[in-house]
Amino acid sequence: MDWADELAASVVGPQVVNDSKTPSGTVHVGSLRGPVILDVIARALRARGTATTLLYGIDDLDPMDAQALLTPDAVEHEMGRPLAHVPDQAGDCHASYARHHAQTFIDTFAGLGIRPDRYYWMSELYAAGEVDPYIRIALDRAEAVRAIYQRVAKVQHPSDWHPIQVVCESCGRIGTTIVTRWDGQRIYYECRPDFVSWARGCGHAGWVEPFGGRAKLGWNLEWAAQWSIFGVTIEPCGKDLATAGGSRDRADAIAHEIFEREPPLNVPYEFLNIGGRKMSTSKGLGVAAHEIARVVPPEQLRLLFLRPRPQTAIEFDPIGSDAIPRLFDEFDRLADATAGRPVRGELPAGHESVFRYSLLDPAADVAAIAAAFRPAFGHLALLRQIPGVDIDARLEAEKGAPLTALELATVRERTAAADAWLETFAPDRSRIVVRRDALPDEAAGLDAGQRAWLGRLATAAAATPPPASGDAWQALIFSTATEVGLAPGQAFAALYLAFLGRPNGPRAGWLLASLEPAFVLERLRIAAGPPTLEESA
RNA sequence: GGGCCGGUAGCUCAACGGCAGAGCAACUGACUCUUAAUCAGUUGGUUGGGGGUUCGAAUCCCCCCCGGCUCACCA
C-alpha cells in the first residue's frame, strides 16, 4: 500500500477528509471507488496516529435532473426541484427522494466498512445558516467569480450573472432560476421556462433574501464553501471533476481567491472499466452494484479498489472470465503472506497494509483473520456443482480441524458468491453440464481400451445390486479399471468425455450416483460402442 | 480540441535509473480410490514506434502511433 501510507506520511497536523455526493439515483460499482479511497486514506492517517475526521456530504439541495428516475406523472412537477423537496418515489417511508437514495448509498458504504464520522446534509447546513457567510461573500464578489470562470474554465457568463440559484417561491424549482442582481441584502431572480432543457421554470420573478436555505450557491462555490465550513484538508475526486478547467480547478480557484483559503489536497482517481469501457448500466455494459455485490463480497471489493494507485484505471472484466476467482485468490495470497505462510510469486509493496485495509473492520485482529482457513473460490465453485458433497465436511478435512465460526461465515459467504458467479459471470469452462441429449462428439476420441472398460463398467453396474452411492460407483470404477488393466486416469477421462464432453471433471462416482441409473447404463453402453469381435465371441 | 491514464509473456499485472519478473493459462512429468486438486518442471519478451539524456533506460525528456476514459451546458 504505497499510495495511502505515503500520502499519510506526507501531511502534518490533524486532518479532515471529505467527499460529497448528489443523491440522484442508484449507485453503480464504479462509483464506489471514491468512497473506498476516502476510507483507506482515513485509515492510513489514523494508523500513523494522525487525528483524522472523515466527513461525507450529501448534496441534497441539488436539482432533480434525471427524469428517468421519476414516475411518469411526477416528471412535470418535480424536475428541477431540490432533491430534498422531491417526494420519495418508492413510497417507502423516506422523507424525500434525496433521503431515499442517500440511504441507499449510506447502507452500501456501511456494508463496505466505510463509516464516516459524520454525514452532513447540505439542505440542513443551508437551513441552519451555516452557508450564509459564504453566500454573502460570493455575491459581494460576483464579478471576481465571473472572472475566475472566464479564466479557469473559459466560461463567459453574462455581466449580471450571479453564482447562486434561488428556490422559486412560486413553483419550488431551483434548477430553472437565474439571479441577476444583489443589493447587499436581497437578490433579484427569474424562474425561466427555457433556462435549462430538462426542466421548465414557471416564469416567476422577484426579490428575496438568499439566506437560510432560500438559495443555494453554484456547485463549484458550494464545494469550496464546504471546505471552509469544515476545514477540509484532503479531498479525493474523480477524474471527471479533476480535468483541466473542470470543477475542481474552479473550486480550487474560488477557495483561493474568493473564500481566501488553501484548498484541500487533491487525490484524483480513475474509474473502473469493464472490458475497457466505462461502466454504464444504461448502455448495458456495466454491472449494477447490487449485481456485483452478490458475487464479490465487500472485502474483495475493497481490495479491487484499493490495490492499484488511485490514478490508475482499473480494468475489471468479470463476464465470462476468471477475474473474480483471481480476485479471491489474490486476497487469500495476501492473507497467507500476512499470516507468515509461504506464498508463491511476488507480493505488492506494503502488502500487509493492502490486506489490513481490505478488511471491513478497521479495528479487526488482522493476524487472526489472516490465519483463518479459506477455501479457494474456484475449488468451492467446483464443489458446489458436484452432487452429494458435504461442503463443510470436505473443507474440514482439507483444513484438518473443525472450522471456526469465522471460517464458517467465510465459507457461507463464498458459497453464496460462488453460486451467484456460476449463475452469472462464470465462463462455460467453469460450468459442469451433463450432456444428456447425446454422446458428446468429444467422446469420439476414446480408444479401444477405454471403450472396452466402459462396456465392462456397464456390465458390472447392471448387476444386482447396482451401485447406489458415490462411494460404490467409485469403488466399481477402480475395480473394473484394474481388472482390464486400464490406468485410473484413462478410466476417469473416458467417463468425463462420455458424460461431460471434456477430459476432466468432478468426482466421477458421485456424479454418476446423482444421475438416473438407466441413463448412466445407456450412456456407458453407447460410449463403449458395438462389441468387439473378442467380446462377442 | 483540452485533460488524465494506459500500451511489458496468450491473459491480468509487477518492477519506476542498475541482470525484464510473478500469478493464471499452455506444455511436460509425478501422484495405483479422483484428476479443474496437489507437487515438480518447461515454454513463453526487440517492454507500442522513433529520437535524446546516461557508464547504464521498461523506468527520465521530446515527438509520434494505438486504446480508453474525461471535460468542453449543468451539477
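Fair warning: this is a prediction, and the values are worked out from it, not measured in the lab. Order of the sequence lines sets the chain letters (A, B, ...), proteins ahead of strands, with each chain counted from 1. Worth knowing before you read on, the calculation uses all heavy atoms, side chains too, and leaves out hydrogens, waters and symmetry mates.
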#### Entry: Minimum-distance nucleotide (side-chain atoms of A/K239 versus B/U35, B/C33, B/G68)
B/G68
### Message
By nearest atom, which of the nucleotides B/C69, B/C74, B/A75 is closest to the A/E270 side chain?
### Response
B/C69
### Query
For A/W121, is the NZ or CZ atom of A/R99 found under 6.0 angstrom from the centre of its six-membered ring and inside 45 degrees of the ring axis?
yes
### Message
What's the gap between B/U59 and B/G6 when it is taken at their C1' atoms, as a whole Å value?
### Response
15 Å
#### Entry: A/R302 bridged to A/E299 by N-O distance under 4.0 Å
no
### Query
When you measure from the side chain of A/T243, which nucleotide among B/G2, B/A75, B/U35 comes out closest?
B/G2
### Task
Report the nucleotide, chosen from B/A75, B/C74, B/G23, that has the shortest atom-to-atom distance to any side-chain atom of A/W219.
B/A75
### Query
If the P atom of B/A20 is compared with that of B/C11, how far apart are they to the nearest Å?
22 Å
### Message
Tell me if a side-chain donor or acceptor on A/S228 pairs with a main-chain N or O of A/A225 at a distance below 3.5 Å.
### Response
no
### Query
So which nucleotide from B/U70, B/G2, B/A75 ends up closest to the side chain of A/A244?
B/G2
### Query
What nucleotide, of B/C5, B/G2, B/C74, holds the atom closest to the side chain of A/H157?
B/C74
### Query
Base, sugar-phosphate, or nothing: which does A/R309 touch, judged by heavy atoms less than 4.0 Å apart?
base
### Task
Look at all strands and tell whether A/Q311 reaches a base, only sugar-phosphate, or nothing, counting heavy atoms closer than 4.0 Å.
sugar-phosphate
#### Entry: Closest-nucleotide 5' rank along RNA chain B - winner of A/D329 and A/G378
A/D329
### Task
Indicate, with a heavy-atom threshold strictly under 4.0 Å, whether A/S247 touches base, sugar-phosphate, or nothing.
base
